[in-house]
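Report on the structure given below.
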Amino acid sequence: MTGLPVLGLERVSVRFGRAIALKSVSLEVGAGEVVALVGESGSGKSTLLRAVLGLVPVAAGRIEIAGTESTRARGALRRRLWREVQPVFQNAGGSLSPRLSLLETLVEPMRAHGMTPAAAAGRARELLSLVGLGHVDPGARPGSLSGGQRQRVAIARALALSPRLILADEPMSALDVSVKAQVAELLLAIRDRTGTAFLIVSHDLALMAHMADRIAVLDEGQIVESGPAMALARAPVHPKTRELCAARLDPFDALEASA
């Protein structure tokens, strides 16, 4: 881990009725670090992100955001922590309002947190440029954009409040192979430029080996293996990690093969 932790989970468990979705999970994300949480569908990856966002209750354990415990945060403290952590969802089309223009989509969270209209509009145009959409009409609606462009808008919206951490839930799985690689490179460029940390949920260990500083493998609600990304991908120990390594979905490999 590099830098001080912006996110810390200590023995976090989540239950849905009698079912245990997360079992004593401990994980840290450092400032400016990219950490991948890799596992199959149903392994608990999205539940972990929802727990960090406060969308599901934690049955046991502790979650800290930027050094502040968030599990019991309420009111003004919860609002402040929401600025520190922002989500990017898998289906950008479903997470963007079809009635709002790109400019309105980006301005909305900034205005909700007290920014003036002029400052918010200026920041929105900076964000569109940052995600490679500076040439697109800010008055356009999401429906007029490609899937990759909509995901770039979702990323820009997540950056609107200058968070320390972005939680990205399968942000590239719905995209074409070449677009996946472009969005992956964009996320890394944003990290390098802004210092924003990322916790990325994915089932594609090969892609995460290219992107992440560290990988944690989740299976049946437990982290079964973790370590430096490329080292873990090259020499997996746990059977589930080996299984995920065998399912090579890496878009960078596909692009190199077609070159």
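Residue numbers count from 1 along this sequence. Values reported hereafter were calculated over all heavy atoms of this structure, with side chains retained and with hydrogens, waters and symmetry mates removed. Here the structure is a predicted model, which means the values were calculated and not measured.
Side-chain polar atoms of Glu225 and Thr241 form a donor-acceptor pair below 3.5 angstrom. A donor-acceptor contact under 3.5 angstrom links the side chains of Ser162 and Arg123, judged on distance only. No side-chain donor from either of Ser43 and Asp219 sits under 3.5 Å from a side-chain acceptor of the other.
Interatomic distance, Ser26 OG to Arg11 CZ, rounded to the nearest 0.5 Å: 6.5 Å.
Gln86 places none of its side-chain heavy atoms less than 4.5 Å from the side chain of Leu159. Within the 4.5 Å cutoff, no side-chain heavy atoms of Pro163 are placed close to those of Val85. Annotation: side chain of Leu186 is in contact with side chain of Val131 (closest heavy-atom distance under 4.5 Å).
Residues Asp137 and Leu102 approach most closely at O-CD1, 3.9 Å, considering heavy atoms. A pairwise comparison of heavy atoms in Ala160 and Leu127 identifies CA-CD1, 3.6 Å as the closest pair. Smallest separation of non-hydrogen atoms from Leu53 and Pro87: CD1-CB, 4.0 Å.
The only option from Glu40, Lys45, Glu170 that meets the side chain to side chain donor-acceptor pair (under 3.5 Å) definition with His203 turns out to be Glu170.
Side-chain heavy atoms closer than 4.5 Å link hydrophobic residues (I, L, V, M, F, W, Y) into clusters, and following such links, even through other members, never connects Phe16 to Ile20. Linking ILVMFWY residues whenever their side-chain heavy atoms come closer than 4.5 Å, directly or via other members, places Phe198 and Leu188 in the same cluster. Both Val183 and Ile166 are members of a single hydrophobic cluster when ILVMFWY side chains are connected at heavy-atom separations under 4.5 Å.
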